[in-house]
Protein chains: 2
Amino acid sequence: MTGTRAAETAARKVRLIAAATALAAEGGYEAVQMRDVAARAEVALGTLYRHYASKDQLLLAAMAQQAATLRERLVLRPPNGDTPSARVSDVLRRASRSLERSPLVTKAMLAAMSSAEEAAIPLKLEIDTTLRAIIADVVDEGHCTTFADLDGIVRVLGSVWFAELTYWSSGLNPSSSSMGDNLASAAQLLLG
Amino acid sequence: MTGTRAAETAARKVRLIAAATALAAEGGYEAVQMRDVAARAEVALGTLYRHYASKDQLLLAAMAQQAATLRERLVLRPPNGDTPSARVSDVLRRASRSLERSPLVTKAMLAAMSSAEEAAIPLKLEIDTTLRAIIADVVDEGHCTTFADLDGIVRVLGSVWFAELTYWSSGLNPSSSSMGDNLASAAQLLLG
DNA sequence: CGCGAACCTAGAACGTGTTGCAGGTGTGAC
DNA sequence: GTCACACCTGCAACACGTTCTAGGTTCGCG
């Protein structure tokens with residue numbers, strides 16, 4: 001029918017990620033129930049666990065994919081702005097808006113991000129690396145800038161981004177301040 | 001015996017926090033099991049839930065207390081250093097060392113910090129405020145400094161602190177880099 | 001005193017993540 | 001051909017956070 005055995009297995013993994021994302025979009029982290037994910041992907045529960053060892057790893061895999069997609073999209077439409085500070089602000093603003101567009105999905109993935117499992121570390125590292133790469137891409141655009149401690153700056157910006165996402169996800173931000181504004185202000189402090 | 005009824009209730013709450021902290025110290029977040037907390041505090045499970053509506057709120061209450069204690073201790077021993085950057089580095093280093101001394105407790109509390117419950121927001125805000133106050137106390141020491149955007153700087157430093165704690169708690173940091181060093185470098189970038 | 005409110009206990013019960021088991025089925029080695 | 005193996009299904013079972021129930025005790029107020 002659809003192809004070789006390996007292809008079917010790959011298709012199942014795709015369906016599982018899609019099912020998890022769909023359920024997250026509908027009801028957030030708690031709505032991503034393993035029995036439901038398996039059912040929606042038309043797969044047995046045991047099979048789901050064969051491919052993704054836990055709920056958090058499933059969501060992290062989905063997040064890694066989404067982070068990679070986000071990076072590609074941002075590379076396609078290069079940032080507006082002359083100074084590094086302006087470009088970083090622009091990119092982080094766009095990225096934040098994109099994440100805010102599906103709040104339940106984003107929050108579900110952030111919840112998974114704060115899992116304590118040893119086994120989740122590689123996935124988290126991958127995600128972390130991708131997000132930092134998004135920033136580094138942009139700061140260094142055109143190679144025309146020389147900051148004494150570029151790595152340090154990128155690290156700080158990554159931390160601020162992560163913290164802002166977490167605050168936003170918990171509803172800790174005063175309503176007046178948006179992620180985008182706070183990120184722009186941090187970029188200004190560090191690069192401006 | 002021990003006193004009035006209200007005093008006994010208060011004592012129970014103290015015992016509950018102590019039990020939770022002790023269990024966290026022994027086995028981390030997962031070892032803080034509600035049945036065990038109740039048993040160790042010699043209190044019925046229902047009573048535990050009467051005082052702390054969830055495991056995360058229990059741990060957050062413990063964390064709020066610990067944050068307040070940390071702040072007091074830091075106020076008592078004022079920081080070393082002439083420049084704001086040096087003072088902030090010093091304080092954050094000391095605080096990090098203090099938190100690293102009981103890694104399981106710290107990690108358990110950070111896990112609770114990333115709970116998504118609505119009801120946990122006030123507690124998280126309180127903790128967040130205390131931690132930022134620790135930084136603000138020190139930057140502003142002696143009132144002798146004028147930064148254009150002091151609030152923004154404190155906010156960024158707080159974010160970096162939070163993110164570093166989270167990375168450390170997940171084991172995401174390359175072994176060579178310690179929280180203390182990364183925080184000092186961020187302080188240097190922002191204040192130096 | 002007598003009563004209601006607030007609090008406590010013991011323990012059963014429920015939901016959901018996770019694991020385990022007892023088979024089925026297709027694939028590649030020999 | 002057939003054997004081993006990897007993968008799948010369906011389902012039972014377990015653990016722990018959380019909720020609920022049924023009843024007991026203490027406090028303050030008329």
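Scope of the values below: all heavy atoms of this structure, side chains included, with no hydrogens, waters or symmetry mates. All chains are named by letter (A, B, ...) in the order of the sequence lines, taking the proteins before the strands, and each is independently numbered beginning at 1.
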Is any side-chain heavy atom of A:Leu191 less than 4.5 Å from a side-chain heavy atom of A:Leu157? yes
Do B:Arg155 and A:Ser185 meet the criterion of a side-chain donor-acceptor pair at a distance under 3.5 Å? no
Are the side chains of B:Leu60 and B:Met113 in contact, using a 4.5 Å heavy-atom criterion? yes
Expressed as a whole number of angstroms, how long is the span from A:Asp56:CG to C:dT18:C1'? 12 Å
More than 12 foreign heavy atoms under 6.0 Å from CD of A:Glu30: is that the case here? no
For atom NZ of B:Lys55 and atom P of D:dC16, their distance in whole Å: 9 Å
How many Å lie between OH on A:Tyr52 and P on C:dG17, as a whole number? 17 Å
Side chain of A:Thr9, heavy atoms from C-beta onward: which of D:dC7, D:dT19, D:dG17 has the nearest atom to it? D:dC7
Any residue of residues 31-43 of chain B with a heavy atom less than 4.0 Å from an atom of DNA chain C: B:Arg35, B:Glu42, B:Val43
For atom CD of A:Glu100, decide whether the heavy atoms of other residues, nucleotides or ligands shown that lie under 6.0 angstrom number more than 12. yes
Once you round it to whole Å, what is the distance between P of D:dC16 and CG of B:Leu45? 13 Å
Separation of atom CG in A:Leu58 from atom C1' in C:dT16, rounded to whole Å: 15 Å
Do B:Ile135 and A:Tyr167 sit in one hydrophobic cluster, given that two such residues count as connected whenever their side-chain heavy atoms are within less than 4.5 Å of each other, even indirectly? yes
May I have the distance from A:Gln57 (atom CD) to C:dT18 (atom P), rounded to whole angstrom? 9 Å
Would you mind telling me which residue lines up with the more 5' stretch of DNA chain C, B:Arg50 or A:Tyr49, judged by nearest nucleotide? B:Arg50
How about A:Thr166 and B:Thr166: do any of their side-chain heavy atoms sit closer than 4.5 Å? no
OP1 or OP2 of C:dC8 versus the side-chain N and O atoms of B:His51: is any pair under 4.0 Å? yes
Round to the nearest Å and state the distance from B:Glu8 atom CD to C:dT9 atom P. 10 Å
Could you check how far CG of B:Leu48 sits from P of C:dC8, rounded to whole Å? 11 Å
